[in-house]
Amino acid sequence: MAGEEQKQTASQEKPKEEGKLKIEKIPGAFSKALDEVKKSGDKGWFEKISIFAKTFWNEIHSIEGEKKETSEAAKADAAKSIDAKMADARAAAKLDEKTPAADKEFFDEALAMGVTAGNELPIEMRDAFISGRGKLEKAVKGESVEDSTLDEVKALGSTTLLTISKLKAKYNDPVKFKEALDKLDKISDSSAYPLKKLLSTPVLKIFKVKIDMAGEGIQAVGDALGISEKGDGMKLLDSFKLSMGDALKLKGLKSQPIENEAEIAAIIKKSIFPNTEESKIKNVMKIANKLIVEKPDHVDNQTFTDLVFNIDDRDMKFLIEILTGKKAA
């Protein structure tokens with residue numbers, strides 16, 4: 001009988017352990033969540049629910065930064081010298097040997113920017129970078145690729161932004177930057193990674209994080225009850241301190257003309273580009289809207305240049321810091 005009682009007790013305790021619900025924290029967490037809702041003032045009911053759920057969940061779980069084990073492959077990648085990584089990058093790029101020496105040197109310089117950018121990632125992001133890079137290589141070859149994880153998108157995204165920042169620092173003028181892209185575009189056609197291919201829609205899709213807003217809303221309630229983990233969508237919104245209500249409003253970028261343009265610009269100013277002038281934020285919105293609505297097969301060099309030079313350098317660093325969790329150099 002005693003053994004049977006122990007089994008029943010273990011069975012009863014298991015769901016509580018799996019849900020990570022800390023019963024003793026419920027009264028205080030509930031009170032704190034209600035206080036945060038009261039402070040939210042005139043926000044809509046959807047945002048109030050989101051605020052309540054997130055506050056309640058955080059209080060119960062006492063969230064701390066996740067500490068993930070680093071694989072041997074990631075440690076080896078971090079330990080590898082820049083020279084060794086450059087040799088690997090050249091081998092992967094497979095630039096035509098007949099390329100003129102001056103063009104090889106220019107291509108090598110661009111390659112070095114990408115290699116050093118990847119080398120600046122924190123070691124805890126290396127596993128995601130390695131797996132994300134593998135998906136990128138498949139996408140460039142035209143192979144089917146499974147959806148990227150949020151960690152992979154963060155690793156690849158921060159590496160891309162670091163590379164762009166380095167390129168912009170060297171060619172800090174829209175005309176010179178565009179000329180550099182055009183030159184790189186032409187040279188890279190004779191490599192395994194043509195710039196047109198890297199900026200093509202099928203390849204850029206690997207940077208997409210799918211967010212099911214309805215599902216995330218339900219999940220937020222589940223999180224508050226300790227019966228599920230926070231999804232990628234909620235984690236991404238949290239990174240930018242975006243409420244679900246604000247994230248939903250950003251969907252206005254998909255309409256032409258843009259719906260609630262001033263309101264969307266204010267949200268982007270608050271959470272994504274705090275240092276960029278409002279007029280330039282609206283330029284970025286128009287570029288994004290055109291790409292979303294017209295769905296070109298790739299982002300051309302002029303459009304890419306316009307995007308880069310309408311975003312304040314401080315916001316490039318801000319995005320890198322958000323994605324990596326580290327202070328940008």
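Here the structure is a predicted model, which means the values were calculated and not measured.
Under a 3.5 Å cut-off, the side chain of Arg126 and the backbone N or O of Lys75 do not form any donor-acceptor pair. Side-chain atoms of Thr303 do not come within 3.5 Å of backbone N or O of Val299 as any donor-acceptor pair. Side-chain atoms of Ser148 come within 3.5 Å of backbone atoms of Ile206 as a donor-acceptor pair (strictly under, hydrogens ignored). Checking side-chain atoms of Thr324 against main-chain N and O of Leu121 turns up no donor-acceptor pair under 3.5 Å.
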Checklist entry - Could you walk me through whether Arg133 and Glu152 pass the salt bridge (charged side-chain N to carboxylate O under 4.0 Å, His left out) check? => result CA-CA 8 Å; Arg133 185 175 58 194; Glu152 288 170 345; over 6 Å; no

Next on the checklist: Please determine whether side chain to side chain contact (heavy atoms under 4.5 Å, CB included) holds for the pair Leu250 and Ile268, giving the CA-CA distance in whole Å, both sets of side-chain angles, and the decisive distance to 0.1 Å.
Outcome noted: CA-CA 9 Å; Leu250 293 180; Ile268 293 173; 4.1 Å; yes

Next on the checklist: Go through it in stages, so that I can follow the logic: the residues are Lys170 and Glu109, the test is side chain to side chain contact (heavy atoms under 4.5 Å, CB included), and I'd like the CA-CA distance, side-chain angles, deciding distance and then a yes or no.
Outcome noted: CA-CA 11 Å; Lys170 182 167 179 69; Glu109 184 181 41; 3.0 Å; yes

Item to check | Stepwise side chain to side chain contact (heavy atoms under 4.5 Å, CB included) test for Leu181 and Tyr171 | outcome: CA-CA 10 Å; Leu181 283 183; Tyr171 303 101; over 6 Å; no

Checklist entry - Given the rule in the side chain to side chain contact (heavy atoms under 4.5 Å, CB included) test, do Lys196 and Asp185 qualify, once you have shown the distances and angles that lead to the verdict? => result CA-CA 7 Å; Lys196 286 187 187 72; Asp185 195 352; 3.1 Å; yes

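No salt bridge links Lys249 with Glu259; every basic N to acidic carboxylate O contact stays at or beyond 4.0 Å. Between Glu179 and Lys176 there is no salt bridge, since no side-chain N of the basic residue sits under 4.0 Å from a carboxylate O of the acidic one. A salt bridge is absent between Lys208 and Asp147: the closest approach of a Lys/Arg side-chain nitrogen to an acidic carboxylate oxygen does not fall below 4.0 angstrom. Lys178 has a carboxylate O that lies under 4.0 Å from a charged side-chain N of Asp182, or vice versa, which qualifies the two as a salt bridge. Salt bridge status for Glu143 with Lys135: absent, with no side-chain N to carboxylate O gap under 4.0 Å. Salt-bridge annotation for Lys280 and Asp312: absent, with no side-chain N of the basic residue lying under 4.0 Å from a carboxylate O of the acidic one. Between Lys186 and Asp103 there is no salt bridge, since no side-chain nitrogen of the basic residue lies less than 4.0 Å from a carboxylate oxygen of the acidic one.
Contact check for Ser158 versus Glu120: no side-chain heavy atoms found under the 4.5 Å cut-off. Looking only at side-chain heavy atoms (C-beta outward), Lys317 and Arg314 stay at 4.5 Å or farther from each other. Contact check for Asn301 versus Leu195: side-chain heavy atoms found under the 4.5 Å cut-off. You'll find the side chain of Thr99 stays beyond 4.5 Å of the side chain of Phe107, heavy atoms only. Phe129 is not listed as a side-chain neighbour of Asp151, based on a closest heavy-atom distance of 4.5 Å or more. A heavy-atom distance below 4.5 Å is found between the side chains of Ser165 and Ile320. Residues Met285 and Ile258 are in side-chain contact: their nearest non-hydrogen atoms beyond the backbone lie under 4.5 Å apart. The side-chain heavy atoms of Asn310 and Thr276, taken from C-beta on, include no pair separated by under 4.5 Å.
Interatomic distance, Tyr193 OH to Ser188 OG, rounded to the nearest 0.5 Å: 12.5 Å. Separation of atoms OG (Ser71) and CG (Asp77) is listed at 9.0 Å; rounding is to 0.5 Å. Between the OG atom of Ser239 and the CG atom of Leu319 there is a distance of 11.0 Å, given to the nearest 0.5 Å. The CG atom of Asn289 sits 11.5 Å away from the NZ atom of Lys254 when rounded to the nearest 0.5 Å. Rounded to the nearest 0.5 angstrom, Ile272 CD1 and Leu242 CG are separated by 5.5 Å. Interatomic distance, CG of Leu291 versus CG of Leu204, reported as 9.0 Å (0.5 Å rounding).
Lys138 NZ: 12 or fewer foreign heavy atoms inside a 6.0 Å radius.
Nearest heavy-atom pair across Ile164 and Met316 is CG2-CE, 3.8 Å. Nearest heavy-atom pair across Pro274 and Asp315 is CD-OD1, 3.2 Å. When all heavy atoms are compared, the tightest approach of Asn119 to Lys80 is OD1-O, 4.4 Å. The shortest heavy-atom contact between Pro194 and Asp189 is CB-OD1, 3.9 Å. A pairwise comparison of heavy atoms in Met86 and Val115 identifies SD-CG2, 3.7 Å as the closest pair. Across Ala139 and Pro202, no two heavy atoms sit closer than the pair CB-O, 4.5 Å.
Cluster membership check: Leu199 does not share its hydrophobic cluster with Val293, using side-chain heavy-atom separations under 4.5 Å among Ile, Leu, Val, Met, Phe, Trp and Tyr. Note on Ile130 and Val203: separate hydrophobic clusters, where clusters join Ile, Leu, Val, Met, Phe, Trp and Tyr whose side-chain heavy atoms are under 4.5 Å apart, directly or indirectly. Ile82 and Leu111 end up in the same hydrophobic cluster when Ile, Leu, Val, Met, Phe, Trp and Tyr side chains are linked at under 4.5 Å.
With Phe177 as the aromatic partner, Lys168 does not meet the cation-pi criteria of under 6.0 angstrom to the ring centre and within 45 degrees of the ring axis.
Pairs passing the salt bridge (charged side-chain N to carboxylate O under 4.0 Å, His left out) check and including a residue from residues 282-310, sequence neighbours excluded, read Glu278-Lys282.
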